[in-house]
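In what follows, every chain begins at residue 1, and chains take the letters A, B, ... in the order their sequences are listed. These numbers were taken from a predicted model, which means no experiment stands behind them.
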Amino acid sequence: MTTALIDALSDLDTWQAALDSQQAVFAAMLPGASIGIIPKRDLQAPGGKMLVWEAQQGRIVAEERGFSGIRSVGVDLLFVADDEAIEALRTLKGSGALEEMKEFIRQGNILFYVLKTKDDLTDLGFEEFLEALGLAFAGPCR
Amino acid sequence: MTKPGEKKLAHLFQPGKIGKFTTKNRVKYGACCVSNYNTRDGFITERELARTKVIAGTGCGIITNQGAYPDPKGEGKAYFRQIALFDDKFLPQFEKIAGYIHDNGGVAIQQILHAGRYGGIDLGYCIQPSVVPQTLPHFRPPREVSKEEIRQIVKEHAEAAKRAVIAGFDGVEITSFMGYLLANFNSRFTNQRSDEYGGSVENRGRFMRELIYEIKNAVGDEHPLIVRLNGAELMDRWGGNSEDECFELMEMAGKSGLDMISVTVGWQEAPVSSIGRDVPPGHWNRLAARAKKLLPDIPIAFGVRLPDPVMANECIEKGDFDFWEVCRPLLADPELVHKAAEDRLDEVRPCLGDMLCLSRLFRDLPYLCTCNPALGHEVEPEYHIKPAAVQKNIMVIGAGPAGMEFAINAVKRGHRVTIFDKGDRLGGNLASYAAHDLANPEDLQKLLAQYKTMQEKLGIEVQLNTEVNPKLMRSILHKYDVAVVATGARIDMEAVPAAGQEVISALDAAGGKAHTGNKVVVLGGGKIGLVLAEFLKTQGVDVSIVETAKRVGEDVIPSWKWRHTSWLSGLKIPAHTGSRVQRIEAAGVAVINEKGEENFLAADTVIAAAPRKSNQELARELEFMVDELHIIGDAASPRGLYQAIHDGYRLGVRI
Ligand SMILES: Cc1cc2nc3c(=O)[nH]c(=O)nc-3n(C[C@H](O)[C@H](O)[C@H](O)COP(=O)(O)OP(=O)(O)OC[C@H]3O[C@@H](n4cnc5c(N)ncnc54)[C@H](O)[C@@H]3O)c2cc1C
Ligand SMILES: Cc1cc2nc3c(=O)[nH]c(=O)nc-3n(C[C@H](O)[C@H](O)[C@H](O)COP(=O)(O)O)c2cc1C
């Protein structure tokens, strides 16, 4: 992976600014509710870094953790982004981030795994966030 | 004697072969029947038995009974009320079902369905070859199966198969449809094991080969085994099998001693459509043709989104497959095969592919069908069409789906019916919907055509271009015993803020009664606003949507919402949700969102698609003019197509 791509996920200040402009989407999340983002190539070769958004005292906070594989991932939702999506997200400032993510999810550049059941996610306050990314609509069987 | 349709569709109606059995035709009832109305612990109910009698009577040469889960823990259980076959205690009802199928001359097949990744519905987990987290929150977190567990699962499948044969079934089927356990082992996506069950295609297919071997061993050669396999998973994005790998596995299955392959398409979590209305009929036929070419000596069954018996007949003639495997079209019209045999295809109630059936299953509710209101109610005499005790003269006001559905069924009961409509065609707003549907308008048009056919064949009198009002009523007073108000709903234009430019009703725009410009703002992001906006955009119109709710599509069938949001994104239609109209000016619409931010949307045309209001005024006027008065469809309350059809049917069969 290129340094630029690692930087993209590690640029916590930019991410924090993007999250701060979208706090309404995260408002209902209980403390500890968390979302991880990793580069796609790290999925099969763990050991890299994971960008984590975690609800802490009424605010969603961007931080960095290690990614040591999907079994021990420790987040409630995991996004797996390809190089194109990471590169695009890197340049994002502020409120466009979630809209852009939604489009990347739709196009398949960002994959997502749910590590909790629907009821757990609802209890943790994820409904609004899932809706904002168009994920709640993605029901089974098409 | 050969019936006229049997001659026309000679390939479809020729006998077929599965194992030692000869089938009366080439139609297989696809296991399309996890109905969700059995007991929570897996027993088949009276409701299910009544439904199964109807299935047995569909006239198919092979009937597949719905998938039963094979394990006592319920790891294989996909639906809340799925049937089970892990114990002899379940056998009496299976015996009845095998009997119904044989009474109708069908070959009886019992499906065994272990849902794998989509299973464990009552448990806190599901089992899979490897731990691959879910991509849809509906399903349970995964647990990896050990080798001992694999052996146990294979054994349970074989025992369940043996039970099915003891109950009188001629053969059994195992299924990987939509990503169940068999598919999980076969797929690169969910099988990441490093033992002999994972890795190469050869290893991933080991579970399948063991299943085939053990089941055949348990039931004996005289009882055929059908295996449903993906021709395409549509899971490439997730690292699933390529089509070539699917066919490698199919070839492997073909060499392992099975008796028929059923080709299916897609997984439940696949990001693209496999069976929805947006897939053109016949789209996947090439996969069946590839299977047939690969395995010319093995009977191939296929029917995914192939609702047309004429097309199926052609495919069999061409050698694309051997059996037409039908599912949803037989939910919509259980008489489909009989109507085809009698050359009455114009009378078939079409499957609209709108996925109402599946969206109910995934809400743990019994399935419903838009076009077949009796589905699931076969056990209730109130849903059957019986001769009326007294013949009534009935006027129906409104020739939309509610009015048409009512009229057809009331006439079948022996009543005399006249339909009045102020418009110049049958179908009401369904015709406008069909004219603007992006998915596959032909499905909706087929329903309109069926209404016209039935009206003509049943001799239902129609008076078009006739608005029913108190004046007209006074002139025809005492001619009718019953008035049925099926006048639909209108856009409540009084609720639209006072405007500096003319605001057009979405129903007028969709009905071709109003001209729209090049820059349109649609007020209301419910189903009508969405359908109209999407259509206008494809016509090159610059369109945006304003919706007061947080999200668009709140009144859309759950399994169809994604389709609209996907169209909105794909067509780049801006949706201003959580926004209210402040002013409508000559140059456009001023809106304000929940944060108080104002926005001006330039427009040369403003279309109101919400709110809707029932056309009930006439009902009030008629209250003291007829003996019996009823209100149905959107006129009772503004809802949608399936509710209009169901209202019409329920009143029609009871009046
Ligand atoms: C563009 C568009 C998109 C739509 N999309 C969807 C969708 O995605 N899903 C869905 O479920 N539904 C959709 N609908 C709505 C669906 O078409 C209606 O819910 C359905 O047609 C209602 O049926 P109905 O018979 O109750 O009324 P209608 O179909 O509205 O029929 C009422 C009939 O009564 C007649 N009438 C009214 N007053 C009188 C009178 N006084 N005298 C004589 N005749 C009278 C009218 O001319 C009309 O023909 C859509 C509609 C439109 C226009
Ligand atoms: C309500 C419903 C339930 C189904 N249940 C099963 C099932 O139990 N087992 C199975 O293998 N397929 C099942 N299917 C899939 C169908 O057998 C069929 O393959 C699919 O619907 C495509 O065919 P169609 O276009 O004719 O509907 C089901 C489909 C529907 C709509």
Side-chain angles (χ1 to χ4, degrees), chain A residues 21-25 27-28 36 40-41 43-44 69-80 82 85 95 99-124 126-142, chain B residues 78 118 124-125 130-142 144 177-179 192 234 236-239 266-276 278-279 355 357-359 361-363 550-553 556-566 568-570 572 577-578 594-595:
Chain A
S21 71
Q22 299 276 320
Q23 288 291 337
V25 172
K40 194 169 185 179
R41 57 185 68 184
L43 187 63
Q44 302 307 341
I70 211 149
R71 285 171 196 241
S72 55
V73 66
V75 289
D76 305 318
L77 274 185
L78 179 70
F79 290 94
V80 179
D82 68 9
S95 60
E99 267 307 307
E100 192 84 357
M101 267 185 89
K102 181 177 174 178
E103 191 54 26
F104 279 124
I105 290 170
R106 201 180 72 81
Q107 287 170 1
N109 299 82
I110 297 181
L111 305 176
F112 55 93
Y113 290 98
V114 287
L115 287 308
K116 291 270 163 65
T117 63
K118 192 175 176 181
D119 288 350
D120 289 342
L121 291 174
T122 308
D123 291 347
L124 283 166
F126 271 98
E127 208 170 350
E128 191 64 40
F129 176 71
L130 289 173
E131 288 282 355
L133 292 181
L135 293 178
F137 281 175
C141 271
R142 291 174 171 189
Chain B
Y118 306 143
Y125 67 95
S130 313
V131 171
V132 176
Q134 301 291 357
T135 67
L136 296 176
H138 180 81
F139 301 112
R140 307 293 176 257
E144 183 173 310
F177 171 74
M178 286 280 170
Q192 296 167 8
L234 309 179
D236 316 34
R237 180 182 288 187
W238 295 96
W267 280 33
Q268 293 196 8
E269 57 204 297
V272 290
S273 300
S274 52
I275 62 174
D278 49 339
V279 177
M355 310 294 271
C357 46
L358 283 161
S359 58
L361 285 188
F362 288 105
R363 270 155 187 78
K550 265 197 205 160
R551 302 176 249 288
V552 294
V556 173
I557 291 176
S559 48
W560 201 244
K561 280 185 184 177
W562 77 273
R563 188 60 278 183
H564 284 298
T565 44
S566 184
L568 290 193
S569 306
K572 301 205 179 333
T577 51
E594 281 165 333
K595 291 183 201 152

Does any backbone or side-chain atom of [X] lie under 4.5 Å from a heavy atom of chain B? Answer side chain, backbone, both or neither.
| X | answer |
| --- | --- |
| A:R71 | side chain |
| A:I110 | neither |
| A:E128 | side chain |
| A:I70 | side chain |

> What option among A:R106, A:K118, A:K102 has the most heavy-atom pairs under 4.5 Å with chain B?
Replying inline: A:R106
Do [X] and [Y] touch side chain to side chain, with heavy atoms closer than 4.5 Å?
| X | Y | result |
| --- | --- | --- |
| B:K550 | A:E131 | no |
| B:F139 | A:V114 | no |
| B:P133 | A:L78 | no |

> Who are the side chain to side chain contact (heavy atoms under 4.5 Å, CB included) partners of B:S359, not counting sequence neighbours?
Replying inline: B:L356, B:I557, B:P558, B:S559
> What residues, two or more places apart in sequence or in another chain, satisfy side chain to side chain contact (heavy atoms under 4.5 Å, CB included) together with B:S273?
Replying inline: A:R142, B:D278, B:V279, B:W562, B:R563
>> Counting heavy-atom pairs closer than 4.5 Å to chain A, which one of B:Q134, B:K595, B:R140 comes out on top?
In response: B:Q134
> Using a cut-off of under 4.5 Å for heavy-atom pairs, which of B:P141, B:G124, B:G276, B:S569 has the most such pairs with chain A?
Replying inline: B:S569
>> Looking at every heavy atom in both B:R237 and A:L111, which two are closest together, and how far apart are they?
In response: CG-CD2, 3.2 Å
> Looking only at heavy atoms, what is the nearest atom pair of B:T135 and A:F112, with distance?
Replying inline: O-CE1, 2.7 Å
